[in-house]
Amino acid sequence: MSTQSSNILRGLKALSGPFPTWDTQSLPENPTELFLDWMKLAIEMKVKEPHAMTISTVDSDGFPDARVLIIKEAKDDSFYFATGLESQKGQHIQHNPKVALTFYWPELGRQIRIRGVAEDMGLEAGAIDLRRRSPIARAVAMTEHQSQPLASEEELERSIAIQEQKIDQDPDIVTPNWRLFAVHAQQIEFWQADTDRKHTRYQYLLHDGQWTHQQLWP
């Protein structure tokens with residue numbers, strides 16, 4: 001069985017292209033500008049959910065963890081996402097705010113890797129983000145049991161119904177545990193795939209408030 005599975009995996013194609021060209025002769029000084037340019041192209045090329053990213057955190061025992069969620073905004077070298085403080089990633093960040101974000105768009109053969117420090121933007125920013133969510137998504141967030149064991153589907157539905165009723169009674173109600181985080185980038189890498197595996201990689205590094213960039217080996 002293991003040999004058969006290995007043959008299946010090795011038979012899958014990867015990075016078959018074609019991919020867009022990348023003019024590296026005129027790289028912007030600020031990586032956020034390049035990030036937004038790549039994001040705009042991903043949207044124009046109809047990449048499915050281009051704003052989905054993997055966020056990696058580390059728990060109190062030093063084990064890394066990763067999951068996919070949606071970026072909310074990118075500005076001033078910071079990248080924003082929202083989560084509950086009681087969630088696993090919320091707890092990890094409170095213990096160690098150093099995180100990594102990864103975007104991958106296989107249709108374009110492009111990857112963006114971001115390393116930085118996550119900052120809790122406070123109660124009001126979290127409240128604003130929560131109120132912008134759809135009613136059902138808001139109700140789920142307000143159950144405040146993310147990542148915890150679930151006894152039954154009935155328990156989930158009952159808890160969501162209670163929160164929906166609270167929202168109906170008070171449209172402005174929020175939970176103080178919902179927060180917006182800004183990841184202040186310190187290192188950003190842009191990766192363009194090549195069908196022959198001669199990938200193009202440029203890494204931006206932040207030193208004393210100034211960005212520099214350098215090319216990396218594939």
Side-chain angles (χ1 to χ4, degrees), residues 12-59 62-83 88-89 92-93 95-121 180-218:
L12 296 174
K13 293 183 179 180
L15 304 179
S16 56
F19 300 127
T21 58
W22 180 20
D23 180 11
T24 60
Q25 300 303 311
S26 56
L27 293 175
E29 294 183 3
N30 188 284
T32 305
E33 180 181 342
L34 183 55
F35 171 87
L36 292 173
D37 285 343
W38 277 29
M39 177 64 76
K40 290 176 183 176
L41 179 61
I43 295 172
E44 292 171 2
M45 298 299 291
K46 301 187 184 304
V47 172
K48 190 173 182 179
E49 297 186 356
H51 55 334
M53 64 181 184
T54 299
I55 176 170
S56 302
T57 57
V58 178
D59 68 14
F63 281 94
D65 203 352
R67 74 290 285 165
V68 178
L69 70 163
I70 299 299
I71 186 174
K72 299 289 186 175
E73 191 172 9
K75 64 179 182 180
D76 302 327
D77 302 331
S78 296
F79 301 82
Y80 295 77
F81 70 92
T83 190
Q88 286 186 347
K89 56 184 171 294
H92 292 178
I93 291 170
H95 170 75
N96 183 350
K98 295 178 181 178
V99 303
L101 309 176
T102 307
F103 294 83
Y104 179 52
W105 305 314
E107 299 93 332
L108 305 180
R110 287 185 170 182
Q111 181 178 192
I112 302 175
R113 301 170 59 212
I114 302 169
R115 299 177 74 187
V117 178
E119 178 187 2
D120 184 343
M121 302 307 292
L180 182 71
F181 286 88
V183 177
H184 305 303
Q186 298 180 353
Q187 177 180 314
I188 304 180
E189 179 189 326
F190 296 86
W191 182 93
Q192 174 65 70
D194 177 79
T195 55
D196 294 324
R197 304 312 192 262
K198 194 177 70 174
H199 312 309
T200 302
R201 300 171 61 188
Y202 274 86
Q203 180 188 70
Y204 282 78
L205 296 171
L206 185 65
H207 294 290
D208 297 327
Q210 296 295 321
W211 287 101
T212 60
H213 63 261
Q214 60 186 353
Q215 188 171 6
L216 303 178
W217 280 76

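Sequence positions, counted from 1, serve as the residue numbers for this chain. Please read all numbers here as calculations on a predicted model, not as lab measurements.
Sparse packing is recorded around CZ of R113, with 12 or fewer heavy atoms of other residues, nucleotides or ligands lying under 6.0 Å away. At most 12 non-hydrogen atoms from other residues, nucleotides or ligands lie less than 6.0 angstrom from CG of D208.
Atom CG of residue D65 and atom NZ of residue K89 lie 9.5 Å apart, to the nearest 0.5 angstrom. Taking CG of L180 as the reference point, atom NZ of K72 lies at 8.0 Å (rounded to 0.5 Å). Atom OG1 of T212 sits about 5.0 Å away from atom CG of L205, to the nearest 0.5 Å. Of the inter-residue distances, the one linking Q187 atom CD with R115 atom CZ reads 5.0 Å to the nearest 0.5 angstrom. In this structure, the separation between CZ on F81 and CD1 on I70 is 13.0 Å, given to the nearest 0.5 Å. The distance from the CZ atom of F103 to the CZ atom of F190 is 10.0 Å, given to the nearest 0.5 Å.
No donor-acceptor distance shorter than 3.5 angstrom exists from the side chain of D196 to the backbone of K198, with no hydrogens or angles considered. Remark: the backbone N or O of S78 is not paired with any side-chain donor or acceptor of D76 at under 3.5 angstrom.
The aromatic rings of H213 and Y204 lie tilted to each other, with the angle between the two planes from 30° to 60°.
Here the closest heavy-atom approach between residue L69 and residue A82 is recorded as CD1-O, 4.0 Å. Residues I114 and A185 approach most closely at CG2-CB, 3.9 Å, considering heavy atoms. When every heavy atom of A118 is checked against every heavy atom of F181, the shortest pair comes out as CB-CD2, 4.3 Å. In plain terms, the two heavy atoms of T21 and R110 that are nearest each other are O-NH2, 3.3 Å. The two residues F19 and A193 have their closest heavy-atom pair at CD1-O, 3.6 Å.
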When you look at F79 and I112, which way does the side-chain contact (heavy atoms from CB on, under 4.5 Å) test go after all the steps? CA-CA 12 Å; F79 301 82; I112 302 175; over 6 Å; no
Check the pair D59 / H95 against side-chain contact (heavy atoms from CB on, under 4.5 Å), numbers first and verdict last. CA-CA 7 Å; D59 68 14; H95 170 75; over 6 Å; no
For residues 47-57, which side-chain donor-acceptor pairs fall under 3.5 Å, sequence neighbours excluded?
from	atom 1	to	atom 2	distance (Å)
T57	OG1	R67	NH1	3.0
T57	OG1	R67	NH2	3.4
T57	OG1	H92	ND1	2.8

Can you list, pair by pair, the side-chain donor-acceptor contacts under 3.5 Å of residues 27-38, counting residues two or more places apart and other chains?
from	atom 1	to	atom 2	distance (Å)
N30	OD1	T32	N	2.8
N30	OD1	T32	OG1	3.3
N30	ND2	D77	OD1	3.0
T32	OG1	D77	N	3.3
T32	OG1	D77	OD1	2.9

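A search for salt bridge (Lys or Arg N to Asp or Glu O under 4.0 Å) contacts involving K75 returns E73, not counting sequence neighbours.
When side chains are defined from C-beta on, M121 counts as touching E119, because their heavy atoms get closer than 4.5 Å. Taking the side chain as every heavy atom from C-beta outward, W191 and L216 never approach each other to under 4.5 Å. Inter-residue side-chain proximity for K98 and V58 is flagged as unmet; no heavy-atom pair is nearer than 4.5 Å. T24 has its side chain out of reach of Q215: every pair of non-hydrogen atoms, C-beta onward, lies at least 4.5 Å apart. Looking at heavy atoms from C-beta onward, H199 lies in side-chain contact with L15 at the 4.5 angstrom threshold.
Residues Q214 and Q203 bring a donor and an acceptor atom of their side chains to less than 3.5 Å of each other.
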